[in-house]
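In this text the structure is predicted, and so the values were computed from the model without any measurement. Just the heavy atoms: all of them, side chains too, but no hydrogens, waters or symmetry mates, feed the values below. In what follows, every chain begins at residue 1, and chains take the letters A, B, ... in the order their sequences are listed.
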2 protein chains.
Amino acid sequence: MTEDDHIVFIVDDDQRVREALSELMDAHGMRAIAFESAGDYVTADKPDVPACLILDIELPDINGLDLQRQIADGDHPPIVFITGHGDIPSSVRAIKSGAVDFLTKPFSDADLLTAIHAALAEDREKRSGRAELDMLKRHYLDLTPREREVLPLVVSGLLNKQAAAELGISEVTLQIHRRNVMQKMAAASLADLVRIAEKLEIPITHSRRVGGN
Amino acid sequence: MTEDDHIVFIVDDDQRVREALSELMDAHGMRAIAFESAGDYVTADKPDVPACLILDIELPDINGLDLQRQIADGDHPPIVFITGHGDIPSSVRAIKSGAVDFLTKPFSDADLLTAIHAALAEDREKRSGRAELDMLKRHYLDLTPREREVLPLVVSGLLNKQAAAELGISEVTLQIHRRNVMQKMAAASLADLVRIAEKLEIPITHSRRVGGN
DNA sequence: GCGCAATGTATGGATTTCCATGAGTTGCGG
DNA sequence: CCGCAACTCATGGAAATCCATACATTGCGC
């Protein structure tokens with residue numbers, strides 16, 4: 001059950017909990033780092049591997065749910081909440097905000113481990129999706145301004161002639177831009193480019209009508 | 001705040017609750033139908049409009065959460081749970097399974113109305129997405145078996161020549177199939193067809209390599 | 001000022017796609 | 001057995017795409 005590479009972050013103000021959880025992780029061959037406060041966790045250097053965050057609700061510096069909201073926009077790892085005094089509205093809010101689970105103390109080791117595995121699996125998924133998207137974004141950054149104008153026209157299905165007219169340039173020039181776009185985006189075909197543009201959320205500017213506009 | 005067209009389903013075994021909720025809906029210009037049991041709800045004729053389901057956990061015939069699971073695979077409306085004796089694991093499970101909210105009695109009218117509006121909005125979204133997808137699926141059903149073989153090859157980015165070779169037919173014939181596919185799927189361009197295939201989750205069978213494979 | 005990247009244009013040929021017209025085979029249902 | 005849908009192929013021309021080569025302009029940085 002040893003994972004390829006991962007890290008479990010533990011944030012709890014109770015030292016006994018931190019120790020117990022660290023030992024539990026250890027006993028199951030998982031790497032863990034414990035923090036006493038949200039601040040410590042946020043400012044810490046965190047390795048860039050699949051991770052999950054076991055987060056206590058009641059923290060000295062900030063409420064766990066608020067921390068979740070703060071780091072919501074970013075590449076934060078999936079969260080497993082643990083709490084001694086949980087209430088239903090909190091659990092609802094936590095899960096709606098994307099938490100993997102919400103466990104109330106005392107909870108069983110099995111429940112926690114299940115949640116952690118789910119969280120790590122989720123993070124692996126997220127990370128591989130992000131990695132792919134990042135590569136596409138990098139390619140997109142290679143495009144010149146003009147090429148970025150050409151891309152949406154091409155993936156909208158416009159003929160070269162039409163796209164050229166749209167930009168007020170000659171068809172030949174547009175073909176060159178188009179060719180450069182394909183190469184820079186590493187698209188093997190137009191179909192490929194369309195799917196890439198889809199992932200980058202390039203908007204469809206003009207749609208060619210079949211019956212002749 | 002009157003919605004264009006909608007219906008609120010109420011499932012609760014307590015008649016006073018049903019009456020109170022029905023009145024509340026009425027007071028806010030919303031249409032509602034109340035059921036005493038899950039069975040009544042399931043077997044009832046339900047209008048085909050944006051809806052939401054206010055569901056009590058403790059029902060005579062079946063647990064609300066189990067009902068949620070049972071109807072999970074299908075076009076069920078978003079669920080707002082209400083309960084007198086809720087616990088955290090139930091709320092977690094409910095939300096993780098897609099419920100819009102999980103309210104414990106007594107709850108405020110405002111909270112319930114907020115949840116209902118969110119649920120109805122969600123259902124409108126879901127329904128319009130489904131409607132679009134249904135149309136595409138209908139078009140897909142119009143395709144002949146051969147055309148269904150051609151489609152994935154085309155949207156994979158293969159040249160007509162390559163796709164034809166793949167199927168062991170002449171290029172001319174493939175062009176005809178391709179043309180029929182475009183027409184039947186109402187695709188204005190290849191780019192369009194690629195996006196349609198994406199929505200239909202047509203798998204990419206072969207990807208043409210740039211350097212000439 | 002020189003080099004360079006970005007942008008623009010042209011010519012010309014090979015390849016591919018688009019489209020219409022015409023026609024043969026197979027298999028199923030009335 | 002006849003009609004029809006599905007599948008097949010061919011010819012031929014128009015349009016579009018792909019690609020290489022060659023060159024002009026602009027603007028920025030060293």
Side-chain angles (χ1 to χ4, degrees), chain A residues 138-197 202 205-213, chain B residues 138-197 202 205-213:
Chain A
R138 257 196 315 282
H139 288 163
Y140 185 72
L141 290 179
D142 281 346
L143 298 185
T144 67
R146 201 49 152 173
E147 284 160 1
R148 280 177 215 176
E149 291 184 284
V150 169
L151 176 51
L153 298 177
V154 168
V155 299
S156 292
L158 292 189
L159 299 179
N160 288 345
K161 185 192 295 189
Q162 296 171 314
E166 198 69 39
L167 296 177
I169 60 178
S170 90
E171 189 181 341
V172 203
T173 305
L174 185 124
Q175 282 175 14
I176 293 174
H177 290 318
R178 176 188 178 136
R179 173 141 229 295
N180 290 338
V181 170
M182 295 275 290
Q183 282 200 329
K184 289 184 181 174
M185 299 304 291
S189 60
L190 174 60
D192 214 0
L193 189 65
V194 171
R195 278 184 288 268
I196 289 171
I202 306 286
T205 51
H206 304 64
S207 74
R208 185 176 55 156
R209 287 263 41 89
V210 197
N213 200 31
Chain B
R138 258 197 313 284
H139 288 161
Y140 185 73
L141 289 178
D142 281 345
L143 298 185
T144 68
R146 201 50 152 173
E147 284 160 0
R148 279 177 215 177
E149 292 184 283
V150 169
L151 175 52
L153 299 177
V154 169
V155 299
S156 292
L158 292 188
L159 298 179
N160 289 345
K161 184 194 294 190
Q162 296 172 314
E166 197 70 38
L167 296 177
I169 60 178
S170 89
E171 191 182 338
V172 201
T173 306
L174 185 125
Q175 282 175 15
I176 294 173
H177 289 318
R178 176 188 177 136
R179 172 141 230 296
N180 290 338
V181 170
M182 294 275 290
Q183 282 200 328
K184 289 184 182 176
M185 299 304 291
S189 60
L190 175 60
D192 214 0
L193 188 66
V194 171
R195 278 184 287 269
I196 289 171
I202 306 287
T205 51
H206 304 63
S207 73
R208 183 174 55 156
R209 286 265 41 88
V210 196
N213 198 26

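- In terms of phosphate contacts, B/Arg146 brings no side-chain nitrogen or oxygen within less than 4.0 Å of OP1 or OP2 of D/dA5.
- Distance B/Leu158 CG to C/dT15 P: 19 Å, rounded to the nearest Å.
- The line from CZ of A/Arg179 to CG of A/Asn160 is 12.5 Å long, rounded to the nearest 0.5 Å.
- Of the candidates C/dG8, D/dA10, C/dT17, the closest approach to any side-chain atom of B/Leu159 belongs to C/dT17.
- Proximity of A/Thr144 to the phosphate of C/dA6: no side-chain N or O atom is located under 4.0 Å from OP1 or OP2.
- For A/Arg148 and C/dA5, the CZ to C1' distance is 14 Å, given to the nearest whole Å.
- Taking for each of A/Thr173 and A/Asp142 the nucleotide of DNA chain C with the nearest heavy atom, the 5'-most of the two is the partner of A/Asp142.
- Atom CG of A/Leu167 is separated from atom P of C/dG8 by 8 Å (rounded to the nearest Å).
- The side chain of A/Gln175 has D/dC18 as its nearest neighbour among C/dT17, D/dC7, D/dC18.
- Of the candidate nucleotides D/dC7, C/dT7, D/dC18, D/dC18 has the atom nearest to the side chain of A/Asn160.
- One atom, CD of A/Glu171, and another, C1' of D/dC19, lie 14 Å apart when rounded to the nearest Å.
- A/Arg148 contributes a side-chain N or O that, together with a main-chain N or O of A/Leu141, makes up a donor-acceptor pair within less than 3.5 Å.
- Residue A/His177 has a polar side-chain atom (N or O) positioned under 4.0 Å from OP1 or OP2 of C/dG8.
- When the nearest nucleotides of DNA chain D are assigned to A/Lys161 and A/Ile176 by heavy-atom distance, the more 5′-ward of the two goes with A/Lys161.
- If you check C/dA10, C/dT7, D/dA10 against the side chain of A/Val172, the one that comes closest is C/dA10.
- Contact check, B/Arg179 against C/dC19: a side-chain N or O comes under 4.0 Å of OP1 or OP2.
- In this structure the side chain of A/His177 reaches within 4.5 angstrom of the side chain of A/Glu147, judged on heavy atoms.
- Per the geometry, CG belonging to B/Asn180 stands 11 Å off C1' belonging to D/dC7, to the nearest Å.
- Counting heavy atoms from C-beta on, the side chains of B/Leu193 and B/Leu151 come closer than 4.5 Å.
- Taking every side-chain heavy atom of B/Arg178 into account, C/dC18 is the closest of D/dT17, C/dC18, D/dC9.
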Intermediate values then yes/no, side chain to side chain contact (heavy atoms under 4.5 Å, CB included), A/Arg146 and A/Leu167 | CA-CA 9 Å; A/Arg146 201 49 152 173; A/Leu167 296 177; 4.0 Å; yes
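- In this structure, B/Leu174 places its CG atom 15 Å from C1' of D/dA10, rounding to the nearest Å.
- Rounded to an integer number of Å, the gap from A/Glu149 CD to C/dG8 C1' is 14 Å.
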